Amino acid sequence: MKAHVDQDLCIGCGLCAGIAPDVFQMNADGKAEAYAEFTEDQLADVQDAVNQCPVEAISIEE
C-alpha cells in the first residue's frame with residue numbers, strides 16, 4: 001500500500017514523520033512526503049498519521 005501527501009496542503013508540521021518514520025519523511029522544502037510503501041503491519045500507524053494531520057493532506061492508496 002502507498003500513502004500520498006498533498007504538497008499543496010502540507011504545512012510541514014512533521015507529525016506524520018514522527019508517527020510513521022518508516023513511511024514519511026520531511027523533504028528539502030520542509031514538507032512531508034511518503035517515501036516508502038507500507039505493509040499491513042504498519043497500517044495502524046499510517047492511519048493514525050492520516051487522522052492526526054491538521055490539514056488533511058495525507059491519503060492512503062491501495
Side-chain angles (χ1 to χ4, degrees):
M1 290 181 275
K2 295 172 76 173
H4 173 75
V5 180
D6 185 327
Q7 296 294 295
D8 293 330
L9 295 176
C10 181
I11 59 172
C13 73
L15 194 64
C16 57
I19 294 170
D22 292 338
V23 179
F24 301 101
Q25 67 184 6
M26 304 308 288
N27 65 23
D29 294 328
K31 296 191 176 189
E33 64 183 9
Y35 72 97
E37 292 190 13
F38 62 93
T39 65
E40 192 72 33
D41 292 340
Q42 296 167 304
L43 179 58
D45 286 342
V46 174
Q47 187 63 59
D48 192 25
V50 170
N51 293 342
Q52 291 195 44
C53 179
V55 292
E56 300 179 359
I58 307 170
S59 59
I60 295 175
E61 302 169 355
E62 299 277 333

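Just so it is clear, the model here is predicted, and its values are computed rather than measured.
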When rounded to the nearest 0.5 angstrom, what distance separates CE in Met26 from NZ in Lys31? 9.5 Å

Residues 49-58, side-chain donor-acceptor partners within the protein, below 3.5 Å, at least two apart:
{"residue": "Asn51", "atom": "OD1", "partner": "Gln47", "partner atom": "NE2", "Å": "3.0"}
{"residue": "Asn51", "atom": "ND2", "partner": "Gln47", "partner atom": "O", "Å": "3.3"}
{"residue": "Gln52", "atom": "NE2", "partner": "Asp48", "partner atom": "OD1", "Å": "2.8"}
{"residue": "Gln52", "atom": "NE2", "partner": "Asp48", "partner atom": "OD2", "Å": "3.2"}

Assigning hydrophobic clusters by single linkage (Ile, Leu, Val, Met, Phe, Trp, Tyr; side-chain heavy-atom cutoff under 4.5 Å), is Met1 placed with Val5? yes

Please check if the number of heavy atoms outside Glu40 that lie under 6.0 Å from its CD is greater than 12. no

Quick one: side chain to side chain donor-acceptor pair (under 3.5 Å) partners of Asp29, sequence neighbours excluded? none

Extract all donor-acceptor atom pairs below 3.5 Å that involve side chains of residues 6-25 and protein atoms in other chains or at least two apart in sequence.
{"residue": "Asp6", "atom": "OD1", "partner": "Asp8", "partner atom": "N", "Å": "2.8"}
{"residue": "Asp6", "atom": "OD1", "partner": "Leu9", "partner atom": "N", "Å": "3.4"}
{"residue": "Gln7", "atom": "OE1", "partner": "Asn27", "partner atom": "ND2", "Å": "3.2"}
{"residue": "Gln7", "atom": "NE2", "partner": "Ala32", "partner atom": "O", "Å": "2.6"}
{"residue": "Gln25", "atom": "NE2", "partner": "Glu33", "partner atom": "OE2", "Å": "2.7"}

side-chain contact (heavy atoms from CB on, under 4.5 Å) with Ser59: which residues, sequence neighbours excluded? His4

